[in-house]
Amino acid sequence: MFELFAFLAIVILGVLLSDTRTRLKRAEKILAEAAGKLGAAQGTAKAPVAAAKPVAEPQSETTAPISARAAAKDSAPLPAMTQKQGQAASAPAGIEDRPSPPPASESKTPAAPAKPAPPANLSARFEDLFGKTLPIWAGGITLAIAGVLIVRYAIDLGFFARVFTPGVQVVAGILFGLGLVGGAEYAWRNEARVRDLRVPQALSGAGIATLYAAIMVAANVYGLIGPLLAFFGLALVTAAALALSLRFGPPSALLGLAGGLAAPALVGALEPNVPLIAVYLALTIGALTGVARMRGWPWLALAALAGGAGWSVWMIFVGGALDTLGSLSIGGYVLLLGIAIPLFAYEGPRAALLRAAAAIVGALQLALLVAYAGFAPLHWGLFALLAAAGQWLAWRESKLAIVPTTSLALSVLLIALWPDPTLFWLTLIGVALVLIHALPLLARQWTPPAELRHTLELCFLAIAFPLLAKWQLPDMRDGVLALVALAGAALPATGLARGWRIEGRAADRRFAWLTGTAAALVALALALLLPFWLAAVAIAAVAVALLPFGKAAGDRRIEWIAAGFFGVALAALIATPRALDELPRLALGTEAAAAEAFLRWAAFAAGALVFALRAERPVVLRLGQAFAAALAYGAAAQLLPASLLVFVPALGVAALLLAAPRFGLGRIGAGAGVFAAIALGWTAMPVAIWVGKAMLSLAGVPMVIDGDLLAVGELIRRLALPALLCGVPLWLLRGKLPRWLLVGGMTIAGAIGVIAVHALYRLGFAALAGGDFVTTGIVQRFVWEVLLIGLGWLLWRRGIVTGARVLIVAGTAHALVYGLILHNPLWAEQAVGGWPLVNLLIPLFLLPWVGLRLTGKVFAPVPALLDRCVQLLTMLLVATFAWASLRQLFHGSLLVEPGVAPSENILRSLLILLLAIGFLLWGIRGHRRDWRIASLVLMLGAVGKVFVFDASGLEGLLRIGSFVALGFSLIGIGWLYSRQLRASGPTPEAGD
């Protein structure tokens, strides 16, 4: 331990004294410049030269030649050594004393310019630091340690102990310390010989440390003197240290601090006497802080208090502070260091910060004492005394408000950590600490300046009150704990009462914090008093009660608090074990009505309705509407089976939409949206199944409507009736609703309705005509497409253009995709009928053409691109119908049967030629270039077929006939083209 203290002392003092060295150099430079200016004013030629040398080499006074110092001294009288010490060497950190200006008579004479000092290189600085500066201070520290080692050596060597009795050893230590102090005085008085101010400083510090150690050994090790005499001796040494510090400056005080604080450790080999050490340290630190205050050295007071705090922690842990006398000693010592000494030790802009830090450290130490000593009443009393002192400090100086905040946090922490307290002591100490902290907080609550911290501390204390009671007394009954919670609520309620008539209170955040805290504790008390299943309802009731309270108080922040409480109540509603039974009913309904669950959900719905009707903030208002709708549905779910519950959200949408003209959409819009979302939730599964089957049908998989969710009853309950209940009010109010709502709502309701009708149609068609896809596929699709296109045509006739466009396009697209692409009888197994021409091919290909024609009408005027697409699709329909009809002549109902007869093959070529001629004539008649181009494409196809396929596959007359027909066709088409081109001239044509 000795080596550790020695090492730390050397390091700390080396750093601090290095800073002192820099300040000494600066002071020497200032004095040399002043001497040079005075010499120049008197006309002395050598004076500037003598003054320039200390500037050029400002390491220390010892570097200046004697002649230069003498010349400067002759030119002007220099300050005495004590004055120089006070202005330069002993200047506190951060403060530089400048030399006084020259007299007015001399100020007019221009001063000779000082020669700039050359920068010192690394080797010069190294030599100066380790060769001249540090050895002196290291020697002083070594002497101080040697003074202590004299005493320790006497203990360790038996022979030396026989020669030097304990009394002789103590006297020798005292004489050695006095000799060091005398040497310091001699060096001070003989400055011309010593020529270095640091020598007396080091000797005086070492002497102070030696005297401290000698007295401590005499009292604590050998028992040669009693406590009273030891205290007297320590007081004398402290006075001597004070005097020497005032004479020799900071180094003496610093070395005295190090020696004084290290002395108990260096001589503490035997069992320590805690009261004696506490008194000794208190006197030492008090003296050092007094010196710091007189000389303006806050760093010295801070170092002394830091060392004293370390000793107090050590005394707590060694165990001696656990008895009554030791506890009182350490308690008084901590109170002195934390409260009393910092009050007069610090001055300046940072005094409040340093005092607060000292008080916080003291509170932490006493908290450690309470915890380490087993939470004895005596230690609790010391801690309460410090807490009260911290409140007094904060009342005295507002900048120290952090001190009671820290003591409050420590109070709560200590009570929480208190193992197995009795009810009496827990109540007594708890109430005492509450009064110590709550009364000042209430008194300062509404006094200027307005600080939120006081309010937060009061709220924290109020909330901690019931929590700590339950933590320490887990067997406490709920009724008693409810009373404790109400007692805690009385603290913020008192703050509310005191601030009710304060001007500007409505714009003060503190009122809202107090309201929220009081409401939370009241909600806790109600939850404890009521049955468990009504706990969430109690919180919701408090939330609802906050709305009128906020309006009465005129504070709009309280509305947010009320909304927050309602959110907590909702969380409590779904977090209770009963929610495991109640939440599944939202999707499944219930077979037997649950009265308690219904009351819970209905109470919440009523509370949300109050927010929907009474709230002033738009966000809270809409949230109230939304939760009122959702909770009303939840209440219905606790009573109704699924077969009836499915109608509740749709009925809610219908009712709110019909009420919109009277109450306004802003008052019911959010609720209607929630009901609509719940209704969509009921439709989600059947719609998802239907969409999945529809997506598979796009890959050619026949769409089969089956399963429980796509049964007739489920389709009506989940899809058809909800779509009707939501769509009809939207349609009736189409002139009174925003367009986005009308379009969006009608789109969703119409889509769900179409899905329901389609599924019901497929089920009904299968029941009447059977489910054979090959036999009934074309008819089943044809009827559905006729329904879509026909309904679209009716809507178009009634002027409902948007709905007409949607239905006609949907029906036409369905006919093209499913009838002519996916399930075209030319490549899919679909029965078209056995009779030629009188079969299903005509409606199969005619209906898409009708749909295309109607599409052009409902989108009139027809865009050019749409018109061209319609013409191309019409060409494909005509060509595909002709090809399928030819195929039906040879193969009957199923066109996919394999094989092509020679006569069929030649008729195909002829058919292509006839189609080409027909397209050309139609294009010429209607001035449509698209048709003429299609004619040419068909003709090229016919030529290719005849020359490539027919010429190689036919024999005899058939081959000749094919070529003849092709030839005449080509001639006829060419003639028609040439005739058309001559007659048409520059007439514009469709399709350009």
Side-chain angles (χ1 to χ4, degrees), residues 455-456 458-471 478 481-482 484-486 488-489 491-493 496 509 511-551 553 555-580 582-583 586 596-597 599-617 619-635 670 674:
T455 302
L456 295 179
L458 185 63
C459 295
F460 172 73
L461 180 62
I463 293 174
F465 198 59
L467 296 180
L468 290 176
K470 184 62 176 179
W471 174 261
D478 290 344
L481 184 59
V484 175
L486 291 177
L491 295 178
L496 290 174
R509 293 180 298 170
F511 193 85
W513 277 99
L514 293 173
T515 301
T517 304
L521 293 172
V522 171
L524 176 62
L526 290 176
L528 292 172
L529 293 174
L530 295 174
F532 181 73
W533 63 278
L534 286 176
V537 178
I539 302 174
V542 173
V544 173
L546 285 174
L547 277 180
F549 178 79
K551 290 187 177 182
D555 193 341
R556 297 189 65 188
R557 296 183 183 89
I558 298 178
E559 190 169 301
W560 288 117
I561 299 175
F565 270 90
F566 198 81
V568 173
L570 287 175
L573 176 67
I574 64 176
T576 55
R578 288 175 176 264
L580 298 176
E582 297 171 358
L583 292 178
L586 300 179
E596 292 183 357
L599 290 177
R600 279 159 46 94
W601 287 80
F604 269 87
L609 185 60
V610 173
F611 278 89
L613 297 176
R614 299 295 303 276
E616 296 178 353
R617 296 182 180 273
V619 175
V620 180
L621 182 70
R622 290 184 174 86
L623 286 176
Q625 298 170 17
F627 281 108
L631 292 167
Y633 170 79
V674 170

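These numbers come from a predicted model, not from an experiment.
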CD on Glu596 to CZ on Arg578, rounded to 0.5 Å = 4.5 Å

Minimum heavy-atom distance Ile574-Ala579, with the two atoms named = O-CB, 3.4 Å

ask   = What closest approach, in Å, do Gln625 and Ala612 show between heavy atoms, and which atom pair accounts for it?
value = N-CB, 3.6 Å

query = Should the ring pair Phe611 and Phe566 be called parallel, tilted or perpendicular, given that the plane angle runs from 0 to 90° and is split at 30 and 60?
reply = tilted

inquiry  = Could you tell me if the side chain of Lys470 sits less than 4.5 Å from the side chain of Leu528, heavy atoms only?
reply    = no

remark   = Heavy-atom closest pair (Asp555 atom, Ala512 atom, distance to 0.1 Å) is OD2-N, 4.1 Å

query = Considering residues, nucleotides and ligands other than Arg509, do more than 12 of their heavy atoms fall under 6.0 Å from its CZ?
reply = no

request  = Please examine the side chains of Leu458 and Trp513, heavy atoms only from C-beta on, and report whether any two atoms are closer than 4.5 Å.
outcome  = no

note = Separation between CZ (Phe549) and CG (Leu496), nearest 0.5 Å, reads 5.5 Å

query = Rounded to the nearest 0.5 Å, how far does CZ of Arg617 lie from CZ of Arg622?
reply = 14.0 Å

request  = Taking the side chain as every heavy atom from C-beta outward, state whether Leu526 and Val522 have any pair of such atoms under 4.5 Å apart.
outcome  = yes

query = Just wondering, are more than 12 heavy atoms of other shown residues or ligands nearer than 6.0 Å to CH2 in Trp533?
reply = yes

note = Separation between CD1 (Ile539) and CG (Leu534), nearest 0.5 Å, reads 11.5 Å

task = Taking all heavy atoms of Ala635 and all of Ala602, pick out the closest pair and write down the distance.
result = CB-N, 3.8 Å

note = Tightest non-hydrogen contact, residues Pro492 and Ala462, listed as CD-CB, 3.6 Å

request  = Kindly compute the distance separating CG (Leu613) from CG (Leu609), expressed to the nearest 0.5 Å.
outcome  = 4.5 Å

query = Is there side-chain contact between Thr517 and Leu514, with at least one heavy-atom pair below 4.5 Å?
reply = no

task = Please tell me if the side chains of Thr515 and Phe511 come closer than 4.5 Å, counting only heavy atoms from C-beta onward.
result = yes

request  = Output all residues satisfying side chain to side chain contact (heavy atoms under 4.5 Å, CB included) with Leu529, sequence neighbours left out; order by chain, then residue number.
outcome  = Ala482

ask   = Hey, what do you get for CZ (Phe565) to CG (Leu547), rounding to the nearest 0.5 Å?
value = 12.5 Å

task = Looking only at non-hydrogen atoms, find the nearest pair between Ala485 and Leu521 and report the distance.
result = O-CB, 3.7 Å

ask   = Could you go step by step and tell me if Leu621 and Glu616 meet the side chain to side chain contact (heavy atoms under 4.5 Å, CB included) rule?
value = CA-CA 7 Å; Leu621 182 70; Glu616 296 178 353; over 6 Å; no

query = Do Leu631 and Leu573 come close enough that some side-chain heavy atom pair is under 4.5 Å?
reply = yes

